[in-house]
Amino acid sequence: MIALYILAGLIGTLLGLVLLAHGFCYFFVGKRIKPLVEPYLKSSDRVDYQRTRYLEFRPRQGSPRAGLIFHPGGYADPEAYARIIHKVAEVCGLYCVIIPGPQRTPIAKRFSADQVIAANPQIEKWFISGHSQGGAVASLYMRDRLDDPAYREKIAGLIFLGFFVFDRHSLAARKQLPCLSVYGDRDGHAEKFKPNEKNLPPGARVVCIEGGNHGQFGAYRFHFGDQIAEIEREKQQDIAINAIVEFVNEHTG
């Protein structure tokens, strides 16, 4: 009986530590920096913004025939990516959606893109994208859905921000999948990107941002294990935006 009490105590302690760590990451690490995102969490003369189950950015002019689905990084506030996604919607005329994960865990919404695609049948082509853990969600989604004819014809490309593909999840066999990978050379795991480029689809475009780090793709407080960036956050994001715009335009005509 005493052993059971001790075991229960240990389990309770471990659970408490896990919840404490989760709470710290949720409330302090990934919290958005409000002044940097508020201008992009509202409608403009070119983009209509709406917060529903998702964060939606819809061009005001015309009916977009292509869309972009974005998965945030782990523990990162989805609103932290508003600037990049708002500008991509504005410049490319895409319908863009940021999918929040429960308790900011995007992997739990691995197949939510299905719901977005089904709800917007007028969109002919979709780009699936993500930052950090959100990149993993995008990668795994592609591996599962590209073999399904119902989705294969709708996928226009894959976009990674600050994410590299491990050997066990390699996409090297996906020869017809356009892919863009953008990362900073000050990323806390920068040394892992080059060796893992072999796991990207053949012909993938890779952009390494000099002075950019991992966390500055969003506007949240900090990222564990990251290095200090040597360029401004806005400059890093502008380089990423330009790369995404060029990639999208190339694959949508």
Side-chain angles (χ1 to χ4, degrees), residues 22 25-26 29-32 37 40-43 47-59 64 66-90 92-146 148 150-151 154-163 165 169 171 177 179-182 214-215 217-220 223 237 240-241 244 247-248:
H22 175 80
C25 291
Y26 185 91
V29 176
K31 192 69 174 176
R32 71 189 185 283
V37 301
Y40 304 98
L41 292 171
K42 58 181 67 173
S43 297
V47 174
D48 181 49
Y49 169 73
Q50 186 177 14
R51 179 69 187 257
T52 57
R53 296 170 60 190
Y54 316 112
L55 283 69
E56 301 181 59
F57 303 82
R58 190 183 299 272
L68 182 145
I69 295 171
F70 184 85
H71 297 277
Y75 287 115
D77 192 323
E79 294 183 352
Y81 301 93
R83 182 174 184 269
I84 283 182
I85 303 305
H86 191 288
K87 285 187 172 292
V88 168
E90 177 182 310
C92 295
L94 294 183
Y95 167 58
C96 297
V97 177
I98 300 175
I99 299 181
Q103 298 298 306
R104 299 190 194 145
T105 52
I107 199 70
K109 287 289 186 177
R110 178 174 168 182
F111 296 109
S112 289
D114 288 354
Q115 300 165 15
V116 176
I117 292 172
N120 294 276
Q122 76 282 4
I123 303 294
E124 298 175 0
K125 294 291 184 180
W126 290 93
F127 294 88
I128 310 298
S129 59
H131 171 238
S132 193
Q133 187 186 118
V137 175
S139 174
L140 293 172
Y141 180 84
M142 285 294 191
R143 290 185 66 213
D144 290 326
R145 289 294 182 256
L146 281 178
D148 186 338
Y151 291 94
K154 291 181 175 289
I155 301 301
L158 178 61
I159 301 171
F160 293 136
L161 299 181
F163 172 75
V165 182
H169 295 146
L171 296 169
L177 176 61
C179 179
L180 170 67
S181 174
V182 186
H214 189 87
F217 287 112
Y220 55 92
H223 191 93
Q237 292 188 3
I241 290 165
I244 294 170
F247 179 76
V248 165

Heavy-atom closest pair, residues C96 and V88:
SG-CG1, 4.2 Å
Of all the heavy-atom pairs spanning A156 and K125, show the shortest one and how long it is.
CB-CB, 3.8 Å
From the list F70, Y81, F57, ring pair (Phe, Tyr, Trp, His ring centres under 6.0 Å) with H86 holds only for F57
Rounded distance [0.5 Å steps], OH in Y151 versus CG in D114
3.5 Å
Taking every heavy atom of L68 against every heavy atom of W126, the minimum-distance pair comes out as N-CE3, 3.9 Å
Check: H214 main-chain N/O paired with H131 side-chain donor or acceptor under 3.5 Å:
yes
Restricting to non-hydrogen atoms, name the atom on A240 and the atom on L161 that form the minimum distance, rounded to 0.1 Å.
CB-CD2, 4.4 Å
Before giving the answer on side-chain contact (heavy atoms from CB on, under 4.5 Å), spell out for F127 and I244 the whole-Å C-alpha distance, their side-chain angles and the decisive distance to 0.1 Å.
CA-CA 10 Å; F127 294 88; I244 294 170; over 6 Å; no
Answer whether the closest heavy-atom distance between the side chains of V248 and L180 falls below 4.5 Å.
no
Non-neighbouring partners of E56 that pass side-chain hydrogen bond (donor to acceptor under 3.5 Å, both in side chains), sequence neighbours left out
T52, Y95
Partner set under salt bridge (Lys or Arg N to Asp or Glu O under 4.0 Å) for D148, not counting sequence neighbours:
none
With the side chain counted from C-beta on, respond yes when D48 and S43 share a heavy-atom pair under 4.5 Å apart, and no when they do not.
yes
When you compare the side chain of I85 with that of Y40, does any pair of heavy atoms fall below 4.5 Å?
no
Residue pair I123 / I117, side-chain heavy-atom distance below 4.5 Å
no
From M142 atom CE to L177 atom CG, the distance as rounded to the nearest 0.5 Å:
5.0 Å
Check: R58 and N120 side chains under 4.5 Å, non-hydrogen atoms
yes
For R51, give me all partners under side-chain hydrogen bond (donor to acceptor under 3.5 Å, both in side chains), at least two apart in sequence or on another chain.
E79
Would you check if D77 and Y220 make a side-chain contact, meaning some heavy-atom pair closer than 4.5 Å?
no
Shortest non-hydrogen contact from A138 to L158?
CB-CD1, 3.8 Å
Within a strict 4.5 Å, meaning less than it, do heavy atoms of the F163 and S132 side chains meet?
no
Looking at P100 and P78, what are the two nearest heavy atoms and their distance?
CB-CG, 3.8 Å
Whether the side chain of S129 engages the backbone of F160 through a donor-acceptor N/O pair (distance < 3.5 Å, no angle test) should be reported.
no
Is any side-chain heavy atom of I69 closer than 4.5 Å to one of Y141?
no
Could you measure the distance from the CD1 atom of I99 to the CD atom of Q115? Nearest 0.5 Å is fine.
8.0 Å
